[in-house]
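Following: one structure in structure tokens, then a few remarks.
Chain identifiers are assigned alphabetically (A, B, ...) following the order of the sequence lines, protein sequences preceding nucleic acid strands; residue numbering begins at 1 within each chain. These numbers come from the heavy atoms of this one structure, side chains and all, not from hydrogens, waters or symmetry mates.
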Amino acid sequence: MSLHIHERPARSPYSSSTHGATRPDAASTTTQAVSLHLRGVEKRFGDNQVLRGIDLDIEAGQFVAIVGKSGCGKSTLLRLLVGLDQHTGGDISFHDEYGNSAKADARIVFQEPRLLPWFNVAKNVAVGLGEGIDKDEARTKALAALWEVHLRNKAEEWPSQLSGGQRQRVALARALVSRPGLLVLDEPLGALDALTRISMQTLIARVWRELGFTAVLVTHDVSEAVHLADRVIVLGEGRISLDLSIPQPHSRKHGDAELAELEGQLLEAILKDR
Amino acid sequence: MALADLTFSRTLKQTNKRIPSFPRLGRAHVLPLVVPVTLIALWQLGSSTGFISDRIMPSPVAVTQAFWSEAASGDLGHNILVSAGRALAGLLVGGTIGFLLGIINGVSKLSEQLTDTTLQMIRTIPHLALIPLVILWFGIGEEAKLFLTSLGVLFPIYLNTYHGVRNVDRDLLEMGRIYGMSRWSLFRKVIFPGALPSIFVGLRYALGIMWLTLIVSESIAASSGLGYMANNAREFMMTDVVVLALVIYALLGKLADVIARRLEGWTLSWNAAYQK
């Protein structure tokens, strides 16, 4: 298994000036990214062993994509990472930037937006801040997070009034509003049309560069994985069958020849797994 | 013209949501009145021509006169107030019990297993069949009416609240748990609003049953209220007062439904089905 040293891309100053507004202060803090360490992680449901000894280290601030055929255990692995399920063997730990063991304040974006239809967009984002936070402060932070996903002007709308892509951006804002150290994306673009998907990819890449959280993306779209991630992990039969780093700098064009080749390599690895 | 009106009010709504839409006498306000007004006109015509006997069915004019004389004596107002008070008390007691049971059984598996079967059994007994027993227990006082109305109201509210809670989107519940919601906020932010459309269905069913139960129990044993007024009038062959009581039931029923509908539109404005 390859373990390569990844250099953090420099955090870009907030370059996007398309809004014509100044960036709200409350959003300018970056995250405390966590690193993930998995040792021999196993998960079984009754007799069915889904994960068979996963060893994996993910550095703080890295963008890792996990790909594989359906049923390969990628969603199970993801549910273990955010604590939705408990692993049946092995060990999962999280460390902060100084190597101290840390609590994983993981946030997750699902394939469906899962917004509360009876809350307006701003209140939905504020759900991401958790309990016991001052109302005005919650609203300020929520609006700042909406600004990041270019939906500041939709703050008072109902979710039912938004398009599918906009709803998914609200879900992203909700996940990011608490500045999590780890963001887990469970096929977040699976339900979107091709064009919306491309603009969402750009958006995800940008917020990741700006905020510096650790990102784990589960997807079955190899091209998406290659486009976004520093490192792609292929899961097959509950094991890691390929660990490939994507060295290209992070302003990747769709249709790049080198990326296309990596994509071919990955597809081969996935399909070979039988 | 009506179409132009409609487009105008729509653009108005889109450009500025703060402007309240004033009710105007459009097609939507006139159409629902067409059938009742025609029926009343035919009825009056039948009575005036002698086609409908006064002994069987008094004319609308006679009913209106009965209304004036009853209202002038103060009996009518008193009887309406008494009946409405009983109805509300029954709705409050039965509705609260049904709502709480529905929530608890929807949330807690243990409580559901413990009580749901019993509730379903009791539910199948027509509650009006309990009248003889209730008279033996409570006599013919207020308790008997409160008991019957509450019992009648309880089950539609229980069933629909329970159903609503059980059908709250699992994905949203999971989301709430991942985002660290406490049990109370999970209830307040996810479960209750999710169940609300269903609870309103229960409430509207309950309103119908509330009037029915009340009228029956007032006809059997009471010394005031609309049911008593109608039953008393029957003994003196005052058909106009009997029909007046029926008309008032219809109006009160409609009023209750309008209030429930308003409440629904107001609390469920997020739901596309209730957006105007």
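- In this view, B/Arg123 satisfies the salt bridge (charged side-chain N to carboxylate O under 4.0 Å, His left out) rule with no residue, not counting sequence neighbours.
- Proximity to chain A among residues 157-195 of chain B is limited to B/Asp171, B/Leu172, B/Glu174, B/Met175, B/Ile178, B/Tyr179, B/Gly180, B/Met181, B/Ser182, B/Ser185, B/Lys189, B/Val190, B/Pro193, B/Gly194, judged by heavy-atom separations below 4.5 angstrom.
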Side-chain donor-acceptor pairs of residues 80-98 of chain B under 3.5 Å, sequence neighbours excluded:
from: B/Ser83; atom 1: OG; to: B/Asn79; atom 2: O; distance (Å): 3.4
from: B/Ser83; atom 1: OG; to: B/Glu218; atom 2: OE1; distance (Å): 3.1
from: B/Ser83; atom 1: OG; to: B/Glu218; atom 2: OE2; distance (Å): 2.9
from: B/Ser83; atom 1: OG; to: B/Leu226; atom 2: N; distance (Å): 2.8
from: B/Arg86; atom 1: NE; to: B/Glu142; atom 2: OE1; distance (Å): 2.8
from: B/Arg86; atom 1: NE; to: B/Glu142; atom 2: OE2; distance (Å): 3.3
from: B/Arg86; atom 1: NH1; to: B/Glu218; atom 2: OE2; distance (Å): 2.7
from: B/Arg86; atom 1: NH1; to: B/Ser224; atom 2: O; distance (Å): 3.1
from: B/Arg86; atom 1: NH2; to: B/Glu142; atom 2: OE2; distance (Å): 2.7
from: B/Arg86; atom 1: NH2; to: B/Ser224; atom 2: OG; distance (Å): 3.3
from: B/Thr96; atom 1: OG1; to: B/Leu92; atom 2: O; distance (Å): 2.4

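- When heavy atoms are compared at a cutoff of 4.5 Å, A/Leu84 approaches chain B solely by way of its side chain, counted from C-beta outward.
- At a heavy-atom cut-off of under 4.5 Å, chain B is reached by A/Arg114, A/Leu115, A/Leu116, A/Pro117, A/Trp118, A/Phe119 from residues 114-126 of chain A, listed in order of number.
- Contacts of A/Val82 with chain B are absent, with no heavy-atom separation under 4.5 Å from either backbone or side chain.
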